[in-house]
2 protein chains.
Amino acid sequence: MTHDPVTPRGIPDATVARLPVYLRALSALADRGIASVSSEELATAAGVNSAKLRKDLSHLGSYGVRGVGYDVEFLVHQIGRELGLTQDWPVAIVGIGNLGHALAGYAGFASKGFRVVALFDVDSTVVGDVVAGLRVRPLADLAALAGTEQIAIGVVATPAANAQDVCDRLVAAGVRSVLNFAPCVLSVPDGVDVRKVDLSTELQILAFHEQRKAVRDLVGPLDELGARVAR
Amino acid sequence: MTHDPVTPRGIPDATVARLPVYLRALSALADRGIASVSSEELATAAGVNSAKLRKDLSHLGSYGVRGVGYDVEFLVHQIGRELGLTQDWPVAIVGIGNLGHALAGYAGFASKGFRVVALFDVDSTVVGDVVAGLRVRPLADLAALAGTEQIAIGVVATPAANAQDVCDRLVAAGVRSVLNFAPCVLSVPDGVDVRKVDLSTELQILAFHEQRKAVRDLVGPLDELGARVAR
DNA sequence: ATCTGTGAATTTCTTCACAGCA
DNA sequence: TGCTGTGAAGAAATTCACAGAT
């Protein structure tokens, strides 16, 4: 019990969260015909520090060449495999309002391993509409459809008031990964992952820092750290 | 230089990122007419552990009462003030495609301290349209408008290819907080904050865990940790 | 008796700095 | 020489566990 914080092939969460960023930067390099990158260059493109990048990649294996760098195509392949992008993940979107519409039409879905297979809504004025080539189904059809199409990821794009109910139905239908756009906390049983995308949280975090900057400007750029805020 | 990692009234980033979640949970409690909560209850509502909640709140001050809990209204006020929500933050959205539309119409904006004051796009087929009560302006008007309306936060909802250019224009117009929905890294000078909201990153993180779960199911729920993955 | 606020312990994440390979 | 991979140091975040206020 000395120092082995990580199960064999266990990749730290912080690293997993950055792999998509590296992947995107690498894809952009590949598109420009670049075959090889140093950790320094890739780190810059990804907006991180190079030591961090190297440590992150070292969790996947020794895929670099000392004195040279990383092979772009090869790394794309390895990261994609690690993230599970070699297979297709069927996605269902629940809640076809403004946001649901935008999500259904989002090209980023189709591109890399994700395929929107079903759209649901409770609102009968929306049900039956064809959005991004798919007919919107009544939410009640979810359970039935989950048998046919194996839905891997459920996207909750409903108002907060319905989100927990929708989430419960998704889980009951066998979905174990949920992406939540509703501004609320979802509770799920063990073994189900939820990730949240939250516009107003992000705005509030920006507002916090913006306020700090405003105060700092008033005080003036004098006293380096001791900025005692009077009110 | 013993143990004081944080400047006076410096609130850890991790705490700042959770304050909006607490605020929302508290608002929900207030709406239900609940006047007081324990850290345990609020933590559950916010989906965090109670020790973490207490430590987070302790960074704002001693606003709880031992043996009793926290006054809901009072905490709402304190957190709102800390996040800078007592003032209005003018927001501009650039890129009025599917997503920009959804964002402009998002009620969450107006509710809590944020006010959308301008919409921009380069596409002449969109410019002039009225979205959510605002006329879409050509991007070229940004510089001129920044003088009139003090834009505090710029939302980038353009394709990745245009995002850096748009961001540069926002910064040039004096914007120091950017919320980026484009799937790319933005580089900005010191003193400008960028936060990213990224659908496909979140999907890929979910896919990673989903893949793990699939493998674990194949292996079976035997050997607790040593799960050597053979292929 | 109850529940907050917080030192101390622990875990996780980041960064440094350099050994070692091409 | 140039750049990766990684121990070791450092910083940050989390969690424990309990003193102390009500």
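What you are looking at is a predicted structure, and each value in this text was computed from that prediction instead of being measured. Below, chain A is the first sequence line, B the second, and so on; all start at residue 1.
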Can you tell me if [X] uses its side chain to pair, donor with acceptor, with the backbone of [Y] under 3.5 Å?
| X | Y | result |
| --- | --- | --- |
| A:Gln204 | A:Thr201 | no |
| A:Gln164 | A:Ser187 | yes |
| A:Lys196 | A:Val185 | no |
| B:Asn98 | B:Ala102 | no |

Q: Determine whether the side chains of A:Tyr22 and A:Asp56 contain a donor N or O and an acceptor N or O closer than 3.5 Å.
A: yes

(Q) Is a donor from one side chain sitting under 3.5 angstrom from an acceptor on the other, for A:Ser177 and A:Arg195? (A) no

Find the distance [X]:[atom1] to [N]:[atom2] and express it as a whole number of Å.
| X | N | atom1 | atom2 | result |
| --- | --- | --- | --- | --- |
| B:Leu53 | D:dC16 | CG | C1' | 16 Å |
| A:Ile11 | C:dC13 | CD1 | P | 12 Å |
| B:Tyr63 | C:dG5 | OH | P | 11 Å |
| B:Leu57 | C:dG5 | CG | C1' | 11 Å |
| B:Asp71 | C:dT4 | CG | C1' | 15 Å |
| A:Tyr22 | D:dT4 | OH | P | 13 Å |
| B:Leu75 | C:dT4 | CG | C1' | 12 Å |
| A:His59 | D:dT4 | NE2 | P | 17 Å |

Answer yes or no: is there an ion pair linking [X] with [Y], defined by an N-O contact shorter than 4.0 Å?
| X | Y | value |
| --- | --- | --- |
| A:Arg18 | A:Asp13 | no |
| A:Glu40 | A:Arg54 | no |
| B:Asp190 | B:Arg176 | no |

Q: Determine the sole option in B:Val156, B:Thr158, B:Val155, B:Leu199 for which the side chain to side chain contact (heavy atoms under 4.5 Å, CB included) test with B:Phe181 is passed.
A: B:Val155

Q | Difference in axis direction between the ends of the helix from C:dA1-D:dT22 to C:dA22-D:dT1, five pairs, 10° | A | 0°

Q: Return the 5'-most residue of the pair B:Val65, A:Asp56 with respect to DNA chain C, ranking by each residue's nearest nucleotide.
A: B:Val65

Q | Ring centers of A:Tyr63, A:Phe74 separated by less than 6.0 Å | A | yes

Q: Tell me whether the OP1 or OP2 atom of C:dG5 has a side-chain N or O from B:Tyr70 closer than 4.0 Å.
A: yes

Q | Residues touching DNA chain D, which here means a heavy atom under 4.0 Å, drawn from residues 25-40 of chain A | A | A:Ser38, A:Ser39

Q. Along nucleotides 15-20 of chain C, 5' to 3', which nucleotides get a B, which get an S, and which get a -, given that the test is a protein heavy-atom distance under 4.0 Å?
A. BBB-BB

